[in-house]
Amino acid sequence: MNVLILGGNGMLGPWAVKAMKERHDILLTDINEPYPEYKGEYQKLSADDVDGVVKAAEGMDVIVNLSVLRPDRQFAFDVNMMGNYAMMVAAREHRIKRVITTGPHYQMAGQQYEEWDFDLIPDMPPAPGTRLYAHTKALGQEICRVFSARHGIQLITLLYYNMKHSWNLGGPEAPPVYHDDMVPYSTAWQDCGTAVQAAVEVPEERLATRSETFFILPDLPHGKFNNEKTKRVLGWVPRYHVEGLWNKEYRQPDSNLTEAF
Amino acid sequence: MNLLITSAASATAQLIAAALGEKHTLRLTDLSRKASGDIVSNELGHGSETDDLLAGIDTVINIGYQGQSGSAAHLMDYHTRRMYNLLQAASDAGIARYINVSTLRLYEDHEENLVVTEKWRTDPSAEDTELLAAHMAEYVCKEFARDRLIQVANLRLGWPFDGTGVGETAAISSDLIGAAVEEALISEELGQWQDIHVQSPVARQRFITKTAATLLPGLAGRLSS
C-alpha cells in the first residue's frame with residue numbers, strides 16, 4: 001500500500017517506519033529535516049498545512065498521523081487538532097478509505113477515569129479534560145470522528161501512554177527505574193511501531209465500526225487498562241512485556257531451591 | 001452584572017447586547033480586524049491581555065456560532081484555541097458562569113418528526129465549517145465544565161432569527177433570544193454543564209423546549225406548552 005506518514009520524525013515515527021518499510025511504500029513527512037539514517041521518500045511538510053497535506057496525499061491508500069506538539073498552546077492546537085483536520089480533508093478529497101491517528105491515552109481516558117477506575121477499555125466516551133495535550137488531541141480525534149461519520153472514512157485511533165526502550169526499559173525523557181511503581185500502561189518502542197503496521201494492515205471486516213480506538217500496551221498485571229480488543233481485532237502481538245518494571249529484583253529463594261511448593 | 005460579550009461585531013452579539021444593555025454593564029470584544037467603536041479589540045491569546053479583558057467580569061457570553069467569518073482554518077482556530085484561552089482565563093479569574101450561544105442547526109440533519117431534545121447527540125456536518133466549529137466550541141466548553149473549572153450554560157438557539165416563513169419550524173424571535181440569555185444569567189437551576197434548547201412557538205415546532213421552560217422559568221408563556 002501507499003502510506004503517507006505525517007509527523008514522521010518524532011519519537012514514534014522511526015519505529016513505525018521500521019515496522020512497515022519492507023511491506024509498504026512510505027512517503028514520510030515532517031516539519032523537520034529527516035533523520036540521516038532514513039533513506040526513503042521524504043517531504044518537508046507541516047501537518048497543519050491543509051493544502052500541503054492534500055497534495056501529499058494524492059495516490060495514497062492510507063494516511064498515518066503521528067504528529068505531536070505538547071508544550072506550546074498555539075502549536076499544540078495547530079498540530080494536534082488542525083493536523084487531523086488537514087488529514088481528514090485530504091482523505092475526503094482523494095477518497096482515501098483509511099486514516100490512522102495516534103495520541104496519548106488521556107485524550108480518551110482522562111483523570112476522571114484513570115484516577116478512579118480499572119479495566120479501562122478503549123470504547124469509553126472520551127473525557128480528556130482541559131490538560132493541553134490531552135485536550136488538543138481529543139479535539140483532533142473528534143474532528144476525525146465527524147468526518148468519518150459523514151464520509152465513511154475508516155478511522156483507527158491508537159492510544160499510547162508510556163514508551164520504553166526495550167534494552168533498558170528507560171524512557172526518552174527519564175532514566176530507567178526498575179522494580180518500582182511503574183506506569184501501568186508501558187510499551188516498548190518496537191511494539192508501538194508494529195501496532196501502526198497492524199492498524200494499516202487490519203482487514204476492514206474485522207473492524208466493527210467506522211471509528212475504532214485501541215489501547216497499545218502489552219499484557220500487564222495491574223488490571224488498569226485493557227488491551228484485549230487490540231490483540232483480538234488488530235492481531236497485534238507485543239514482543240516485550242517490560243517485566244523488569246513490575247517484578248521485584250531477582251532473588252534467591254530462602255529454600256535455595258524453589259518456591260513452587 | 002458585569003458581562004463580557006465576545007464576537008461583539010456579529011449580528012447575534014449585537015442582538016444580545018441590545019437586550020441586556022439596560023440592566024447590565026457590558027464589555028464588548030472582538031478580534032482587532034472587526035473591533036470598532038465600543039468594541040474592545042482582543043485576540044483572545046494566551047497572554048495577559050485575555051486576563052485583563054476579564055477583570056471585573058461576572059459572566060461571559062460567548063457567541064459560539066456565526067460570531068466569526070473567514071477561512072476554515074480561522075473558524076476552527078477561533079472556536080477551539082481562542083475558546084480554550086478565554087475559558088482558561090475566565091476560570092483563573094474565578095468567573096462562575098459562561099454562557100455559550102450555540103445553534104440547534106447541529107441537529108438539522110435529523111428528520112423533523114423526531115423528538116430531538118438535549119439528550120440527543122449532535123450531528124454536525126463536516127462540510128459546513130461554521131457548524132463544525134460550533135460543535136468544537138461546545139466540546140471545549142464541556143471539558144472545562146467537566147473539570148469543574150467553570151459552569152457552562154450551552155444555549156442552542158433555533159434558526160432563522162425572526163423567521164416567519166413557511167417551513168421555518170425552528171425559528172426563534174430576537175426578543176426570545178435576549179430573554180433566554182437574561183434567564184441563563186440568573187437561573188439557579190443549572191448543572192455544571194447544561195444544554196438548553198430554545199426556539200419560538202411556531203407552527204409545526206421542530207424542537208421541544210421543555211428543559212428551557214423548567215430551568216429558565218422567566219421564559220414561561222414565551223415557549224410552547
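Convention: sequence-line order gives letters A, B, ...; per-chain numbering from 1.
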Participant: Among A:Thr136, A:Asp48, A:Leu139, A:Leu132, which has the most heavy-atom pairs under 4.5 Å with chain B?
Facilitator: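 Of the options given, most contacts go to A:Leu139.
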Participant: Could you check B:Tyr84 against A:His135 for ring pair (Phe, Tyr, Trp, His ring centres under 6.0 Å), going step by step and ending with a plain yes or no?
Facilitator: CA-CA 9 Å; B:Tyr84 184 92; A:His135 188 82; 5.1 Å; yes
Participant: With a 4.0 Å cut-off on N to O distance, would you call A:Glu204 and A:Arg210 a salt bridge?
Facilitator: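 Salt bridge: yes.
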Participant: Of the backbone (N, CA, C, O) and the side chain (C-beta and beyond), which part of A:Ala76 lies under 4.5 Å from a heavy atom of chain B, both, or neither?
Facilitator: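 No part of it gets close to chain B.
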Participant: With a 4.0 Å cut-off, would you call A:Asp123 and A:Lys229 a salt bridge?
Facilitator: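 Counted as a salt bridge, because a side-chain N and a carboxylate O are separated by less than 4.0 Å.
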Participant: Give, as side chain, backbone, both or neither, the part of A:Arg150 having an atom under 4.5 angstrom from any heavy atom of chain B.
Facilitator: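 The side chain, not the backbone.
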Participant: Chain A: which of B:Ser91, B:Pro124, B:Ala73 shares the most heavy-atom pairs with it under 4.5 Å?
Facilitator: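 It is B:Pro124.
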Participant: Salt bridge check: are A:Asp61 and A:Arg98 linked by an N-O gap of less than 4.0 Å?
Facilitator: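 Salt bridge: no.
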Participant: Inspect the contact between B:Arg156 and B:Glu118 and indicate whether a charged nitrogen and a carboxylate oxygen are less than 4.0 angstrom apart.
Facilitator: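 The answer is no: the pair does not qualify as a salt bridge.
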Participant: Answer with side chain, backbone, both or neither: which region of B:Thr129 has an atom nearer than 4.5 Å to a non-hydrogen atom of chain A?
Facilitator: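 Only the side chain of B:Thr129 comes within 4.5 Å of chain A.
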Participant: Is chain B contacted by the side chain of A:Gln111, its backbone, both, or neither, given a heavy-atom distance below 4.5 Å?
Facilitator: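 Neither the backbone nor the side chain of A:Gln111 comes within 4.5 Å of chain B.
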Participant: Assess whether salt bridge (charged side-chain N to carboxylate O under 4.0 Å, His left out) is satisfied between B:Arg33 and B:Glu43, documenting all intermediate values.
Facilitator: CA-CA 9 Å; B:Arg33 63 190 173 89; B:Glu43 302 304 311; over 6 Å; no
Participant: By a 4.5 Å heavy-atom criterion (distance strictly below it), what part of A:Arg131 contacts chain B: side chain, backbone, both, or neither?
Facilitator: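 Just its backbone gets close to chain B.
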Participant: Tell me, for B:Asn85 versus chain A, whether the close heavy atoms (under 4.5 Å) come from the side chain, the backbone, both or neither.
Facilitator: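 For B:Asn85, heavy atoms of backbone and side chain both lie under 4.5 Å from chain A.
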Participant: For a side-chain contact (heavy atoms from CB on, under 4.5 Å) check, start with the C-alpha distance between B:Glu112 and B:Thr169, then their side-chain angles and the critical distance, and finish with the verdict.
Facilitator: CA-CA 9 Å; B:Glu112 293 225 9; B:Thr169 56; 2.9 Å; yes
Participant: For B:Leu87, which atoms come within 4.5 Å of any heavy atom of chain A: side chain, backbone, both, or neither?
Facilitator: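 No part of B:Leu87 comes within 4.5 Å of chain A.
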Participant: Select one option (side chain, backbone, both, neither) describing which atoms of A:Ala138 are under 4.5 Å from chain B's heavy atoms.
Facilitator: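 Backbone plus side chain of A:Ala138, per the 4.5 Å heavy-atom cut-off to chain B.
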